[in-house]
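From a predicted model like this one, the values you see are computed outputs, not experimental measurements. Residue numbers start from 1 in every chain, and the chains themselves are labelled A, B, ... in the order their sequence lines are given, proteins ahead of strands.
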Amino acid sequence: MKDGPSAAVPEVMVYEPVCPLNLDATLSCGQLFRWKKREDTWEGVADSRFITIRQDCGSLYYTGCSEAFLISYLHLDCPHDAIVSGFSCDAHIMDAVRCTGGLRIVRQNPWECLISYICAQNANIPFITRMIENLCRAAGKPITAPDGVVRYAFPTPEALSTLTLEEIRGCTLGYRAPYVYKTAAAIAADPAWADRIREMPFEEARRALMVYPGIGPKVADCVLLFGFQKYESFPVDTWMRMIMHRLYGIGDPEKSFTPAEYERIRRFAQEHFGPYAGYAQEYLFAIRTSYADGKF
DNA sequence: CACCAGGCCACAG
DNA sequence: CTGTGGCCTGGT
């Protein structure tokens with residue numbers, strides 16, 4: 001027999017997506033840094049809520065958020081098959097789709113996305129994860145989850161901008177600390193920034209993001225894709241550079257990665273893949289090690 | 001101990 | 001305008 005209030009245990013909700021979803025691929029492909037899989041269940045924090053999701057036989061069993069949030073967050077409100085079939089003339093993308101079909105681009109909070117991808121520069125995923133957790137612990141609101149474990153929301157712009165430069169550096173951000181420090185201050189002083197960028201056409205929004213310190217072409221493209229749902233965005237990282245050279249003969253990974261080289265690869269991809277180029281990028285990125293290992 | 005990881009910035013030519 | 005080093009930190 002158990003003691004303790006059963007009312008504290010959240011009701012598990014069920015949702016059955018009508019279109020393809022690969023939850024494992026979606027939450028582990030590297031677009032997000034705050035989800036962990038324990039047993040069969042994914043646990044994460046999004047917009048100040050602790051959420052669990054388990055996928056079983058196509059059904060989603062979830063706690064901590066509404067169905068509307070789940071659908072929006074996982075981008076289940078879109079014609080996924082139509083996006084994928086738009087790539088049907090490209091054998092490489094279809095290879096990737098066969099491996100991780102149902103991979104979704106999650107609708108991230110633009111602010112969290114912005115800071116996260118500033119941290120992500122020149123780092124690997126475990127390191128990025130630690131930096132972000134440190135920031136959350138330092139300035140994020142504590143959330144007591146039903147399992148009794150305290151997690152932390154991603155700090156608001158106001159909260160993050162109260163930290164000193166040294167406190168941010170203490171979150172193991174290294175040379176990225178001044179970028180986060182200055183960008184947080186700028187955003188905190190300008191609450192309408194996200195609405196403004198959301199309304200801008202792609203290239204203009206891109207330029208507007210690159211005004212913030214620590215945000216270059218790669219980070220801007222990630223934020224436009226993951227934070228602003230501008231799906232024509234095609235972020236080019238060192239992996240994508242290698243892959244695009246190998247599959248399409250674009251660019252040359254032997255030479256130094258100049259801004260001109262970035263533009264060449266990005267323009268080609270946006271033209272070649274079309275308005276959902278970002279989805280092509282995510283599918284290629286999801287199986288990046290296969291290309292490194294010489295498969296495909 | 002080198003070298004690199006989902007780059008950006010300051011500075012030289 | 002284009003190209004090259006250096007950079008915090010942590011893992012091979």
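Summarising the geometry of A/P235 relative to A/Y262, their closest heavy-atom pair is CA-OH, 3.6 Å, with the distance given to 0.1 Å.
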Please list each protein N or O that sits under 3.5 Å from an N or O in nucleotides 9-12 of chain B, with the distance.
unit_1	atom_1	unit_2	atom_2	d
B/dC9	OP1	A/G214	N	2.8

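Across all strands shown, A/E261 has no heavy atoms under 4.0 Å from either base or sugar-phosphate atoms. Using a 4.0 Å heavy-atom distance criterion, A/F257 is classed as making no nucleic acid contact. Counting any heavy atom pair closer than 4.0 Å across all strands shown, A/V219 reaches sugar-phosphate atoms only and no base atom. Across all strands shown, A/C29 has heavy atoms under 4.0 Å from base atoms, whether or not it also approaches the sugar-phosphate.
Here C/dG3 is the nucleotide among B/dG6, C/dG3, C/dC8 with the atom lying nearest to any side-chain atom of A/T258. When the nucleotides C/dG3, B/dG6, C/dC8 are ranked by their closest atom to the side chain of A/A260, C/dG3 comes out on top. With B/dG7, B/dA5, C/dT9 as the choices, the nucleotide that has an atom nearest any side-chain atom of A/F127 turns out to be C/dT9. Comparing B/dG6, C/dG11, C/dC8 by their closest approach to the side chain of A/D237 singles out B/dG6. Side-chain atoms of A/N122 lie closest to B/dA5 of the nucleotides B/dA5, C/dG10, B/dG6.
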key: Chi angles and distances behind the side-chain hydrogen bond (donor to acceptor under 3.5 Å, both in side chains) call for A/S72, A/R107   = CA-CA 7 Å; A/S72 171; A/R107 262 187 244 264; 3.2 Å; yes
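The OH atom of A/Y117 sits 17 Å away from the P atom of B/dA5 (whole-angstrom rounding). Note: CH2 (A/W239) to P (B/dA5) measures 8 Å, nearest angstrom. Atom-to-atom, CE of A/M240 to P of B/dA5 comes out at 14 Å; the value is rounded to the nearest Å. In this structure, A/M131 places its CE atom 12 Å from C1' of B/dG7, rounding to the nearest Å. When the P atom of B/dG6 is taken as reference, atom CD1 of A/I125 falls 6 Å away, rounded to whole Å. Here the C1' atom of nucleotide B/dG7 and the CZ atom of A/R266 are 16 Å apart, to the nearest Å. Between the C1' atom of C/dG10 and the CZ atom of A/R130 lies a distance of 7 Å, rounded to the nearest Å. In this structure, CD1 of A/I128 is placed 14 Å from C1' of C/dC8, rounded to the nearest angstrom.
Helical stems involving DNA chain B, defined as 3 or more consecutive Watson-Crick or G-U pairs under 3.5 Å, span B:2-5 with C:9-12, B:7-13 with C:1-7.
Residue whose closest nucleotide on DNA chain C sits further toward the 5' end, between A/P126 and A/Q121: A/Q121.
Ring planes of A/Y231 and A/Y279: tilted class, angle from 30 to 60°. The aromatic rings of A/Y73 and A/W35 sit tilted relative to each other, their planes meeting at an angle between 30° and 60°. Taking the six-membered ring for Trp and thresholds of 30 and 60 degrees, A/F296 and A/Y291 have ring planes inclined between 30 and 60 degrees apart. Ring orientation note: the planes of A/Y248 and A/F268 are tilted relative to one another, at an angle of 30° to 60°. Using a 30° and 60° split on the angle between ring planes, A/Y283 and A/H80 fall in the tilted class, from 30° to 60°.
Taking the P atoms as reference points, C/dC8 lies 14 Å from B/dC11, given to the whole Å. Comparing C/dT2 with B/dG6, their P atoms sit 27 Å apart, to the nearest whole Å. B/dC3 and C/dG5 have their C1' atoms separated by 15 Å, with the value rounded to a whole Å.
No donor-acceptor pair under 3.5 Å is formed between the side chain of A/E263 and the backbone N or O of A/A260.
For C/dT4, one of the phosphate oxygens OP1 or OP2 lies less than 4.0 angstrom from a side-chain nitrogen or oxygen of A/S256. Dashed line: the shortest gap from a side-chain N or O of A/R176 to OP1 or OP2 of B/dG6 is not under 4.0 Å.
Shown here is A/E203, whose CD atom has more than 12 heavy atoms of other residues, nucleotides or ligands within 6.0 Å. Remark: A/F50 CZ is packed, more than 12 non-hydrogen atoms of other residues, nucleotides or ligands lying under 6.0 Å away.
The base of B/dG6 is paired with the side chain of A/K218 by a donor and an acceptor separated by under 3.5 Å.
For A/R169 and A/Y181, the positive end is not near the middle of the six-membered ring at less than 6.0 Å and at most 45° from its axis.
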